[in-house]
Amino acid sequence: ATPAVPAPLPSPVPAPPLPEGVRIDRIHVRKAAREMTVSASGFALKTYRIALGGAPVGHKQFEGDNRTPEGRYTISGRNPNSKYHLSLRISYPNAADRAYAAKMKRPPGGDIMIHGLPNGYVLNGSVAALGDWTIGCVAVTNEEIEELWRAVPDGCEVELSP
């Protein structure tokens, strides 16, 4: 008998967009799951599939290590003219990150962002399908970063978990 070939899994149905006017007050990145959940007033509103730095395991310690940080940070700014579609700056490095890097006589790195795809790049589907390709950032699709850009204020809490 010929073994049965399993049917392909259905494509996940995209989550509906965030409601107009919603303000996100917390972002939780779960690195191992490659997921980012946004919340408002304690209620999870949406989860995104993400891509991370090329060396995603462990906390970012130094410039060029391709790791995505772990810990508590905030959104500390935004760049509408990024080399990626749009970008929201994560406040890495904090004082502890800078102190550790100084102790090791290495620069801590910086410019850690939640961003879209490189300008001019087109993707149909999830950014997670590309694998981990950033240099330490959290990547989503261009449509998703546009949604986050509207809903995430500067100062928003960001927690990045292993």
Side-chain angles (χ1 to χ4, degrees), residues 18 22-42 44-123 125-162:
L18 293 171
V22 71
R23 282 287 170 245
I24 302 303
D25 57 24
R26 184 168 189 275
I27 298 169
H28 184 197
V29 172
R30 289 175 308 287
K31 290 172 47 175
R34 304 301 188 275
E35 292 181 345
M36 178 175 69
T37 300
V38 295
S39 303
S41 302
L45 299 176
K46 188 170 181 178
T47 297
Y48 301 85
R49 299 289 301 152
I50 59 171
L52 299 171
V57 177
H59 175 57
K60 181 165 192 63
Q61 296 177 320
F62 308 114
E63 184 176 317
D65 65 9
N66 288 331
R67 290 184 177 170
T68 301
E70 295 173 359
R72 292 183 181 270
Y73 298 91
T74 61
I75 296 297
S76 60
R78 52 193 61 233
N79 184 357
N81 300 311
S82 169
K83 63 181 179 179
Y84 300 92
H85 187 61
L86 293 168
S87 60
L88 299 169
R89 179 179 301 280
I90 295 173
S91 62
Y92 175 90
N94 61 25
D97 298 321
R98 286 190 295 278
Y100 179 79
K103 178 179 166 186
M104 304 306 288
K105 299 182 182 348
R106 306 252 326 254
D111 283 339
I112 301 299
M113 312 277 183
I114 299 170
H115 62 65
L117 298 168
N119 289 329
Y121 191 91
V122 177
L123 173 70
S126 170
V127 73
L130 299 174
D132 294 320
W133 56 271
T134 77
I135 57 172
C137 297
V138 176
V140 294
T141 67
N142 290 348
E143 182 178 82
E144 291 166 340
I145 194 63
E146 287 175 7
E147 179 175 80
L148 293 165
W149 184 269
R150 289 187 299 270
V152 174
D154 288 356
C156 179
E157 178 186 325
V158 180
E159 180 179 354
L160 298 110
S161 301

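Along the sequence shown, the residues carry numbers beginning at 1. This structure is a prediction, so every number in the text was calculated from the model and none was measured.
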Considering all heavy atoms of both residues, which atom of [X] and which atom of [Y] are nearest to each other, and what is their separation?
X      : Y      : value
Ile24  : Pro153 : O-CD, 3.1 Å
Asp97  : His59  : OD1-NE2, 2.9 Å
Glu147 : Leu18  : OE2-N, 2.8 Å
Lys60  : Arg67  : CD-O, 3.3 Å
Asp132 : Pro56  : OD2-CG, 3.5 Å
Ala44  : Thr37  : CB-CG2, 3.8 Å

Going by heavy atoms in the side chains, are [X] and [Y] under 4.5 Å from each other?
X      : Y      : answer
Tyr48  : Ile114 : no
Tyr100 : Pro93  : no
Leu86  : Leu88  : no
Arg49  : Glu144 : no
Met113 : Thr134 : no
Arg30  : Thr47  : yes
Arg106 : Glu63  : no
Tyr121 : Leu130 : yes

### Distance (rounded to the nearest 0.5 Å) between Asp111 CG and Ser82 OG
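Reported value, rounded in 0.5 Å steps: 9.5 Å.
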
### Query
Between atom CZ of Arg89 and atom SG of Cys137, what is the distance when rounded to the nearest 0.5 Å?
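The SG atom of Cys137 is 9.5 Å from CZ of Arg89, to the nearest 0.5 Å.
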
### Query
Can Asn79 and His115 be said to form a side chain to side chain donor-acceptor pair (under 3.5 Å), step by step?
CA-CA 9 Å; Asn79 184 357; His115 62 65; over 6 Å; no

Would the distance check show the side chain of [X] and the main-chain N or O of [Y] forming a donor-acceptor pair, the cut-off being under 3.5 Å?
X      : Y      : result
Ser91  : Thr74  : yes
Asn119 : Lys83  : yes
Arg150 : Ile145 : no
Lys31  : Thr68  : yes

### Task
Among Val29, Ile27, Ile90, find the residue that satisfies the side-chain contact (heavy atoms from CB on, under 4.5 Å) test when tested with Tyr73.
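With Tyr73 as partner, Val29, Ile27, Ile90 yield a single side-chain contact (heavy atoms from CB on, under 4.5 Å), made by Ile90.
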
#### Entry: Atom CD of Glu35: over 12 foreign heavy atoms under 6.0 Å
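Yes, because the 6.0 Å sphere around CD of Glu35 holds more than 12 heavy atoms from other groups.
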
### Message
Looking at Ile135, I'd like to know if its CD1 atom is crowded, meaning that more than 12 non-hydrogen atoms belonging to other residues, nucleotides or ligands lie closer than 6.0 Å.
### Response
no

### Task
Anything under 30° is parallel, anything over 60° is perpendicular, the rest tilted; go ahead and classify Trp133 against Tyr84.
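Correct class here is tilted.
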
### Salt bridge present between Arg72 and Glu157 (N-O < 4.0 angstrom)
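Judged by the 4.0 Å cut-off on N to carboxylate O distance, Arg72 and Glu157 do form a salt bridge.
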
